[in-house]
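Note sheet for the following structure.
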Amino acid sequence: MKYLKIDRGRYYYQRRVPDQFRDLLGISKWQMPCGDVSYAKAVQLIVNWAEEHDELLAKLKTSEGYDAIEAELLRSEDAADKFVEELNDGIRVFQNGGDWAPLDELAKPWMNALEEVAKLDEYHSKAKAPEHEVLQLRAQIDHSKRGGPKLGKIKLSPYPEFIELAQVHASDAHLVEFEFTPHPPRPMSDERYHDELNSIFQQYFGPSPTPPSDPDDRDEYMFAKHRIERKISSVTPDKNSITAVLEKYCKFNSIRSGTRSKYRREIARLTAITGDVPLGHVRTEDLKQLRDGLIGTIQVASIQAIFTPIKGIFAFAFDEDIIPVNPMLGVKLPKDKRPIEERKWKSFTPTEVIRILNAAEELWSTPVQGLSDARREAIHMVVRVLTYSGMRPVEVIRLEPDDVTDSWIRITGSKTESSTRFVPLHPEIADFPAWVASGGLETFQSIKTDQVGSVRHNFSRLLRKKMQNPITDPQKALYSLRSTFVNAMRRAGADIQVQRAILGHKEAGAIRHYDDGPEFEVKRKWVEATDPKR
C-alpha cells in the first residue's frame with residue numbers, strides 16, 4: 001500500500017514532502033509510526049493521514065492557501081515564544097556605518113524603522129532582487145578580489161540583477177561561482193508582510209510610545225509612525241477603518257444612497273491625508289490639517305458641510321465604544337460671519353419668474369445638445385414643480401408614482417422628521433401625476449452621485465447664459481424657487497402655520513407632538529391662491 005512501510009514487524013507512514021514546500025514546512029518527509037496495531041488498523045491510519053496531507057498539498061499549490069498556511073506557521077506558539085524571548089533579551093538593531101546597538105540607545109530609532117520597512121517592501125514588491133542584497137554581494141566580491149576569502153559557490157534566485165552580476169564577474173570563477181535556482185522565490189504574502197510590519201511597529205512605536213520633545217524630531221517620528229500605520233492598514237481588512245465606520249454610521253442612521261455618496265466624497269478628503277486607517281488612528285492634528293487646507297479656498301459654509309459627516313462618524317464611533325476619545329472635540333471650525341441676508345438664497349421677483357418659465361419652455365421644449373429627451377423633459381418638469389410647490393429639489397426627484405395623485409404630493413423621508421407631509425397639487429402642474437406615473441423621474445436613477453446636480457447645473461445655465469438679460473446674482477439659483485413660493489404664499493395671505501406645514505418646517509415647542517397642523521383643505525386653498533408670477 002502507498003506510504004505504508006514495515007520495519008521489524010511495525011507499521012509506519014512515510015511520505016516525501018515536495019521540494020517546493022520543504023522550506024516552509026521545515027521537513028523533507030513525513031514519517032509517523034502507527035504504533036502497536038494490526039495491519040487493518042495501520043491501513044486505516046495511513047489512509048486518514050494521506051487524505052490530510054493530500055488536502056494540505058492541494059491547498060499549498062494555490063496562492064491563497066500557501067499564504068494562509070505560511071501565516072499560520074509563523075503565528076504558531078513556538079514562533080510567538082521565540083519572538084517574546086528575543087524581546088526579553090533586548091532588541092538590538094544595526095546602525096548604518098556602525099555596529100549592532102540596543103534599540104533604546106539609538107539617536108533616532110524611527111529612522112531605523114523606516115529602513116527596515118524599506119527592506120521589507122523589497123521582498124513584498126515582487127519586482128526585483130532586494131537592493132540591499134545586491135549591494136551586499138557586490139561588496140563581498142570586491143573584498144574577495146582585494147585578498148579576502150573566496151566566496152565559492154553561491155546559490156541565488158534568477159533575478160535580473162543577480163544574473164547581470166554573474167555576467168560581470170564571469171572571469172572571476174576562481175573567487176565566486178554563481179548558481180541559480182529554477183524559479184524566483186515566492187514573494188512575501190500580504191499576511192506575512194502584515195505580521196512583519198506589526199513586528200517593526202511594536203518594536204519602535206508600541207505599546208506606549210513617547211514622541212520626542214524636539215519639534216523637528218517629533219515631526220519625523222510622527223511621519224514614520226503614520227507611514228507604517230498606513231502600510232499595515234493597506235493589508236489589513238480592519239472592520240473599523242474610516243470608510244467602514246462611515247458605512248456603519250450611514251446604516252445606523254438610515255441615510256439615503258444619494259447622501260451616502262456625498263458623505264463618501266467628503267470622507268475621501270480625510271483619507272487622502274491619513275489613508276483609510278483604523279478610525280482610532282486619526283489624530284486631532286490630521287483633522288486640523290484638513291480644515292486648514294480648506295480655509296481660504298472655499299466658503300466657510302462649505303467647510304462646515306464637509307465636516308458634517310466627519311463629525312458624525314466620530315461622535316457615533318465614540319458613543320459605540322469604537323474609539324476611546326473623539327479627536328473632533330479638539331477641532332474648531334470657522335464660523336460664517338456673513339449676515340443672513342448675504343448667506344440665504346434670494347427669491348425671484350414675479351417678473352423674473354415669468355421670464356424664467358418662458359425661457360424654460362423655449363429651451364427645454366425642443367431637443368438640446370448634450371441632453372437626452374427624457375432628461376431634458378424631466379429637468380423642465382422638476383423646475384415647474386419647484387416653482388408651484390415650494391418643495392426641495394431632492395424631494396421632487398425621490399418621488400415614487402404612489403406619492404403623487406391628482407390632489408396631493410406626499411413627501412416622506414426628506415431632510416427632517418417634519419419634512420414628511422402632504423402638499424396640495426397646484427393647478428399649474430396638473431399634468432405632473434400622469435407624467436410621474438409614466439416613469440418621467442426614472443432618468444435620474446442612473447445618476448449614482450448627486451442626482452440634483454443635473455437639474456441644478458442646467459437651471460444655472462438657463463439663468464446665466466440662455467436667457468435674454470441673464471440673472472447673474474449668485475444668491476439666486478435653483479433653491480431660490482423655494483423661497484419664491486414662500487413669498488408668493490405670504491403675498492396671497494397665508495399665515496405662518498400654513499407656510500410651515502407646506503414647506504415642512506418644524507413647529508416650535510412641544511405642541512407639534514399634539515397638533516397635526518392646518519387641515520388639508522386649508523392648505524389646498526392657500527396653494528391654489530399662490531401664484532409666484534403675481
Side-chain angles (χ1 to χ4, degrees), residues 74 83-84 86-87 89-128 130-136 187-238 240-243 268-293 323-325 327 330-331:
L74 290 171
F83 177 69
V84 172
E86 290 174 354
L87 285 179
D89 289 343
I91 303 170
R92 303 173 70 83
V93 297
F94 187 79
Q95 303 179 88
N96 280 344
D99 200 354
W100 293 92
L103 178 63
D104 55 7
E105 293 183 8
L106 294 180
K108 294 184 177 184
W110 57 88
M111 300 304 294
N112 279 74
L114 289 179
E115 290 177 10
E116 288 193 31
V117 169
K119 292 179 181 178
L120 190 63
D121 285 344
E122 291 178 337
Y123 289 106
H124 183 246
S125 65
K126 314 174 180 108
K128 58 183 181 179
E131 184 179 359
H132 66 281
E133 289 188 11
V134 177
L135 294 174
Q136 185 180 39
M188 183 180 290
S189 69
D190 283 349
E191 286 190 86
R192 183 174 178 184
Y193 180 65
H194 170 269
D195 288 350
E196 296 288 350
L197 283 172
N198 262 322
S199 175
I200 294 172
F201 186 84
Q202 291 302 319
Q203 287 182 31
Y204 291 95
F205 301 101
S208 300
T210 302
S213 56
D214 180 79
D216 292 336
D217 286 349
R218 186 166 59 250
D219 287 345
E220 289 181 359
Y221 173 92
M222 296 308 298
F223 169 80
K225 180 174 182 289
H226 281 295
R227 184 171 185 178
I228 298 175
E229 283 178 331
R230 281 195 290 270
K231 286 180 176 291
I232 292 173
S233 177
S234 70
V235 288
T236 304
D238 193 293
N240 288 322
S241 65
I242 296 174
T243 55
R269 297 174 184 265
L270 176 60
T271 56
I273 294 173
T274 64
D276 191 18
V277 298
L279 195 69
H281 289 191
V282 180
R283 306 169 301 150
T284 297
E285 289 81 358
D286 299 324
L287 298 167
K288 287 182 177 178
Q289 181 181 344
L290 172 60
R291 176 202 63 189
D292 295 344
I323 55 175
V325 293
V331 181

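For CZ of Arg291, the number of neighbouring non-hydrogen atoms (other residues, nucleotides, ligands) closer than 6.0 Å is greater than 12.
Between Ala113 and Ile228, the closest heavy-atom pair is CB-CD1, 4.0 Å. In plain terms, the two heavy atoms of Arg283 and Pro327 that are nearest each other are C-CB, 4.0 Å.
The distance from atom CZ of Phe201 to atom NZ of Lys231, rounded to the nearest 0.5 Å, is 14.0 Å. Between the CD atom in Glu116 and the CE atom in Met111 there is a gap of 12.5 Å [rounded to 0.5 Å]. The distance from atom OH of Tyr204 to atom CH2 of Trp110, rounded to the nearest 0.5 Å, is 12.5 Å. For the atom pair Ile323 CD1 and Leu279 CG, the distance stands at 5.0 Å (nearest 0.5 Å). Summarising the geometry, atom CG belonging to Leu120 is positioned 12.5 Å from atom CG belonging to Leu114; distances are rounded to the nearest 0.5 Å. In this structure, the separation between NE2 on His281 and CG on Asn240 is 10.5 Å, given to the nearest 0.5 Å.
A 4.5 Å side-chain heavy-atom check between Glu196 and Val117 finds every atom pair outside the cut-off. With contacts defined as side-chain heavy-atom distances shorter than 4.5 Å, the pair Glu229/Ile232 does not qualify. Using a 4.5 Å heavy-atom cutoff, the side chains of Glu285 and Gln289 are not in contact.
With sequence neighbours excluded, the residues forming a side-chain contact (heavy atoms from CB on, under 4.5 Å) with Glu133 are Tyr123, Pro130, Phe162, listed by chain and number.
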What do the steps show when you test Arg230 against Asp276 for salt bridge (Lys or Arg N to Asp or Glu O under 4.0 Å), and what is the final call? CA-CA 7 Å; Arg230 281 195 290 270; Asp276 191 18; over 6 Å; no
Lys119 and Glu115: salt bridge (Lys or Arg N to Asp or Glu O under 4.0 Å), yes or no, with the steps? CA-CA 6 Å; Lys119 292 179 181 178; Glu115 290 177 10; 5.8 Å; no
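The backbone N or O of Val282 lies less than 3.5 Å from no partner atom in the side chain of Thr274, so there is not a single donor-acceptor pair. No donor-acceptor distance shorter than 3.5 angstrom exists from the side chain of Asp217 to the backbone of Asp214, with no hydrogens or angles considered.
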